[in-house]
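Shown next, in structure tokens, is the structure this report addresses.
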Amino acid sequence: MLRRTAHLLLGFVMTMAFAVGGALVTAGSAQADGCYTWTRTLSPGATGNDVTQLQIRVAGYPGYNSVLAIDGSYGPATTAAVKRFQSAYGLAADGIAGPATQSKLYALQDDDCTPIHFTYPELNTCNSTWAGGAVAAGTAKANALSSMWKLEALRHALGDQPLRVTSGFRSTSCNAAVGGATNSRHLYGDAVDLGAGAHSLCTIALQARYHGFNGILGPGYPGHGDHIHVNQGPSHFWSASSCGI
């Protein structure tokens, strides 16, 4: 909690500095961050790992029924996602990831690069190694990180009230123990199940359509009456007939 408070305070201080010192706005980010630090302002046409890092964090803002490609290329889709992110947090929606936008991202992430409201252990109650699934452990963990940033966007859109994660990554043995499908996306680390809590299941499912999930399953789909399943699998499939999806 102290670390997250410190991030928020740093973000506020930097935002005030940008507002007062106009020269800082065009100088790129001067703030060091425990997770990742951008060293330049990013704008359409930029390429590189720093663009990839940005895309991971704004992938929850692709628009309705869309998925943002994490390809390291700052094209129109990334520009649009950055604009939606900026609007969501009250920033000038110019589609350019400059110091103010980067400062907000710093405030939203912990030192392990997870968004402040989600953790790796929360998305993996199976084991501590991320091994034993359908992909290499590093890939499964990276997929979970991407999912968490999309969940952060979903959470913010729903009024910053908690989302209750009931299942994330599963190894083959963990998946079999809970009766999961043999081709479950949980084996890839890119699927998350959400239970009802601050929001009804249908509220979660309906909003999830805007945050980059290829798969959405919920009430009305067999075996999903008590949770919403979201995933980043390669195939688009939404089914929650009781929610009108």
Side-chain angles (χ1 to χ4, degrees), residues 7-8 10-110 113-118 142-143 145-160 190 206-214 230 232 236:
H7 271 295
L8 292 173
L10 278 171
F12 174 76
V13 170
M14 292 301 292
T15 299
M16 292 302 295
F18 300 143
V20 173
L24 288 175
V25 173
T26 58
S29 177
Q31 177 182 346
D33 185 79
C35 160
Y36 181 85
T37 301
W38 285 276
T39 59
R40 59 171 177 161
T41 288
L42 299 175
S43 58
T47 60
N49 180 61
D50 50 1
V51 176
T52 298
Q53 294 298 321
L54 172 68
Q55 290 172 327
I56 290 170
R57 290 156 179 76
V58 301
Y61 293 90
Y64 178 80
N65 195 15
S66 296
V67 176
L68 179 65
I70 311 301
D71 58 6
S73 179
Y74 206 124
T78 298
T79 302
V82 170
K83 286 182 178 180
R84 293 187 187 96
F85 172 84
Q86 291 168 328
S87 294
Y89 285 97
L91 303 174
D94 58 7
I96 297 172
T101 298
Q102 293 169 10
S103 181
K104 172 52 66 176
L105 290 170
Y106 294 144
L108 287 173
Q109 66 185 13
D110 280 329
C113 295
T114 59
I116 56 176
H117 297 109
F118 299 92
N143 288 342
L145 178 63
S146 179
S147 293
M148 282 188 270
W149 279 102
K150 293 185 179 186
L151 292 176
E152 185 71 26
L154 173 60
R155 186 186 190 279
H156 185 61
L158 290 174
D160 281 317
D190 67 10
L206 290 167
Q207 187 60 46
R209 299 174 299 171
Y210 295 86
H211 298 289
F213 295 108
N214 249 341
V230 293
Q232 301 186 80
H236 180 280

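Throughout, numbering of the chain's residues begins at 1 and tracks the sequence.
- Closest of all the heavy-atom pairs between F213 and S147 is CZ-O, 4.5 Å.
- Across every non-hydrogen atom of L68 and A81, the tightest pair is CD2-CB, 4.1 Å.
- A parallel orientation is assigned to the rings of H156 and Y89, their planes being inclined by less than 30° (bins at 30° and 60°).
- In this structure, the separation between OG on S103 and CH2 on W38 is 10.5 Å, given to the nearest 0.5 Å.
- Looking only at atom types and distance, the side chain of N65 has a donor-acceptor partner in the side chain of H236 under 3.5 Å away.
- In this structure, CE on M148 lies 12.0 Å from CD on Q109, to the nearest 0.5 angstrom.
- The shortest heavy-atom contact between A97 and L54 is CB-CD2, 3.8 Å.
- Residues D50 and Q102 form no side-chain contact, since every pair of their non-hydrogen atoms from C-beta on lies 4.5 Å or further apart.
- Taking both residues in full, the closest heavy atoms of A88 and Y61 are given as CB-CE2, 3.7 Å, listed atom of the first, atom of the second, then distance.
- Under 4.0 Å is where a charged nitrogen must lie from a carboxylate oxygen, and between D160 and R155 at least one such pair does.
- The two residues A93 and S87 have their closest heavy-atom pair at CB-OG, 3.4 Å.
- Inspection of the Q232 and N143 side chains reveals no N or O donor paired with an N or O acceptor under 3.5 Å.
- With rounding to the nearest 0.5 angstrom, the CD1 atom of I116 is 5.5 Å from the CD atom of E152.
- Closest non-hydrogen pair, Q207 versus A157, comes out as NE2-CB, 3.6 Å.
- Remark: F85 CZ to L105 CG distance equals 4.0 Å, nearest 0.5 Å.
- Annotation: the span from I96 atom CD1 to L91 atom CG amounts to 13.0 Å, rounded to 0.5 Å.
- Ring-centre distance between F118 and W149: not below the 6.0 Å cut-off.
- Judged purely by atom type and a 3.5 angstrom limit, Q53 has no side-chain atom pairing as donor or acceptor with the backbone of T37.
- Here the straight-line distance linking atom SG of C35 with atom CZ of R57 works out to 4.5 Å at 0.5 Å rounding.
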